[in-house]
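These figures come from a predicted structure and were not determined experimentally.
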Amino acid sequence: MPELPEVEVVRRGLERWVAGRTVEAVEVLHPRAVRRHPGGGADFAARLRGEVLGVPQRRGKYLWLPLAGRDLSVLGHLGMSGQLLVQPEGAVDEKHLRIRVRFGDDAGTELRFVDQRTFGGLSLHETVADSAEGLPDVIAHIARDPLDPLFDETAYHLALRAKRTTVKRALLDQSLISGVGNIYADEALWRARLHYERPTANLTRPRSAELLGHVRDVMNAALAVGGTSFDSLYVNVNGESGYFDRSLDAYGREDEPCRRCGTPMRRRPWMNRSSYFCPRCQRPPRVSS
């Protein structure tokens, strides 16, 4: 799944290429791509026609395009393989093209939603009342992410202690903090020298703040190189892959030497995923007898 840096790279590209443009026509080429839109494909296309796209916004892994002057936003859910691409008009259609958005100007480009596995999609939603960023009501429960200027560190620490869970589960809990997925959780935990099963109840405020700092550092580093791409599915709006996978310290490095101490990295099954860690730098918590 794409995480915050990958989604932010897409958001920045959309801000450059589609913000302020008027929708002339929409083609829905696969019904599953609009399955989260209650009215279906024809309604989605009709309601977008003539609307002006505002500045794209993001909260965690969620991306949306507010409609200028309206209390409506287009929510983009990328799923496992969704891509929002800005392509020249007349360019050959991608094999898995699901939605095409044409604009009423002479820029010569159009917006395409491409999704090989069809787990993602676009949908139109009302926005939260008095939301300056046009937050869709269906994701109002999602917490702010650590790169958001309005992220409340004090509230996060208190919620972390009260949650009575383990630290990696907490990092992936979108009601506590959004945008952190499996890859960047492992990277931040490695930097903080914390085992993924460390209980949050005994995480001190300084350690919590340190971990949060590492989360931000990892995400900013990934943003600087366009995110993490393990295959052709994670690309920006121009179809270019990110390169942060070449700088990973933990994720995907099973049996390779820890970059800090040289101990072979380990991988353990975790919640239908994998956790990568150094057994020496990130010692497991002691089990109470």
Side-chain angles (χ1 to χ4, degrees), residues 1-37 41 44-45 47-49 51-68 73-124 136 179 181 222-245:
M1 291 286 285
E3 301 183 27
L4 184 156
E6 290 76 44
V7 178
E8 174 61 15
V9 167
V10 173
R11 190 206 67 78
R12 292 178 182 182
L14 292 176
E15 181 174 5
R16 177 182 179 186
W17 294 105
V18 307
R21 300 178 71 179
T22 301
V23 176
E24 181 178 64
V26 178
E27 291 180 68
V28 177
L29 304 173
H30 197 295
R32 278 185 57 81
V34 291
R35 67 187 180 281
R36 296 178 180 85
H37 181 77
F44 179 79
R47 293 178 68 183
L48 271 189
R49 193 176 303 122
E51 297 288 353
V52 177
L53 301 182
V55 176
Q57 304 290 327
R58 178 193 54 74
R59 178 171 291 190
K61 308 174 190 179
Y62 292 87
L63 173 73
W64 67 91
L65 295 95
L67 302 185
S73 288
V74 179
L75 179 63
H77 183 73
L78 300 182
M80 293 291 290
S81 60
Q83 302 170 356
L84 283 165
L85 303 176
V86 177
Q87 297 283 48
E89 295 174 354
V92 176
D93 287 354
E94 293 79 5
K95 180 180 180 180
H96 303 290
L97 176 62
R98 307 306 187 193
I99 300 173
R100 185 198 323 272
V101 179
R102 292 192 171 97
F103 299 101
D105 53 42
D106 58 2
T109 57
E110 61 189 28
L111 179 63
R112 299 179 179 182
F113 180 72
V114 179
D115 192 356
Q116 175 180 330
R117 299 169 184 165
T118 329
F119 292 154
L122 303 180
S123 50
L124 193 60
L223 273 172
V225 292
T228 303
S229 297
F230 289 107
D231 55 33
S232 62
L233 299 180
Y234 299 140
V235 298
N236 64 18
V237 295
N238 302 119
E240 300 163 336
S241 297
Y243 296 98
F244 191 65
D245 57 301

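- Residues satisfying the side chain to side chain contact (heavy atoms under 4.5 Å, CB included) criterion with E15, sequence neighbours excluded, are R11, V55, P56.
- For the pair W17/L111, no side-chain contact is recorded, criterion being any heavy-atom separation below 4.5 Å from C-beta on.
- In this structure S123 satisfies the side chain to side chain contact (heavy atoms under 4.5 Å, CB included) test together with R36, H37, L75, H125, sequence neighbours excluded.
- Of the possible polar contacts, one joining the R35 side chain to the F119 backbone as a donor-acceptor pair under 3.5 Å is found.
- Annotation: side chain of Q57 is not in contact with side chain of Y62 (no heavy-atom distance under 4.5 Å).
- Scored by the side chain to side chain contact (heavy atoms under 4.5 Å, CB included) test, A68 finds V52 as partners (sequence neighbours excluded).
- Side-chain atoms of Q83 and E94 form no donor-acceptor pair, as typed in the model, at a separation below 3.5 Å.
- Looking at W64 and R59, their side chains come closer than 4.5 Å, going by heavy atoms from C-beta outward.
- Listed by chain and residue number, E89, R100, R102, R112 satisfy the side chain to side chain contact (heavy atoms under 4.5 Å, CB included) test with E110 (two or more places apart in sequence, or in another chain).
- Residues satisfying the side-chain hydrogen bond (donor to acceptor under 3.5 Å, both in side chains) criterion with R21, sequence neighbours excluded, are D105, T109.
- The closest side-chain heavy-atom distance from L67 to L124 is below 4.5 Å.
- Every residue meeting the side-chain hydrogen bond (donor to acceptor under 3.5 Å, both in side chains) condition with R12, not counting sequence neighbours, appears here in chain and number order: E8.
- In this structure, L14 CG and L63 CG are separated by 6.0 Å, a value rounded to the nearest 0.5 Å.
- To the nearest 0.5 Å, the span separating CE on M80 from OG1 on T118 amounts to 12.5 Å.
- In this structure the side chain of D115 never reaches within 4.5 angstrom of the side chain of H96, judged on heavy atoms.
- In this structure, the side chain of S73 does not engage the main chain of P136 through any donor-acceptor pair within 3.5 Å.
- Taken to the nearest 0.5 Å, the CD atom of E27 stands 8.0 Å off from the CG atom of L97.
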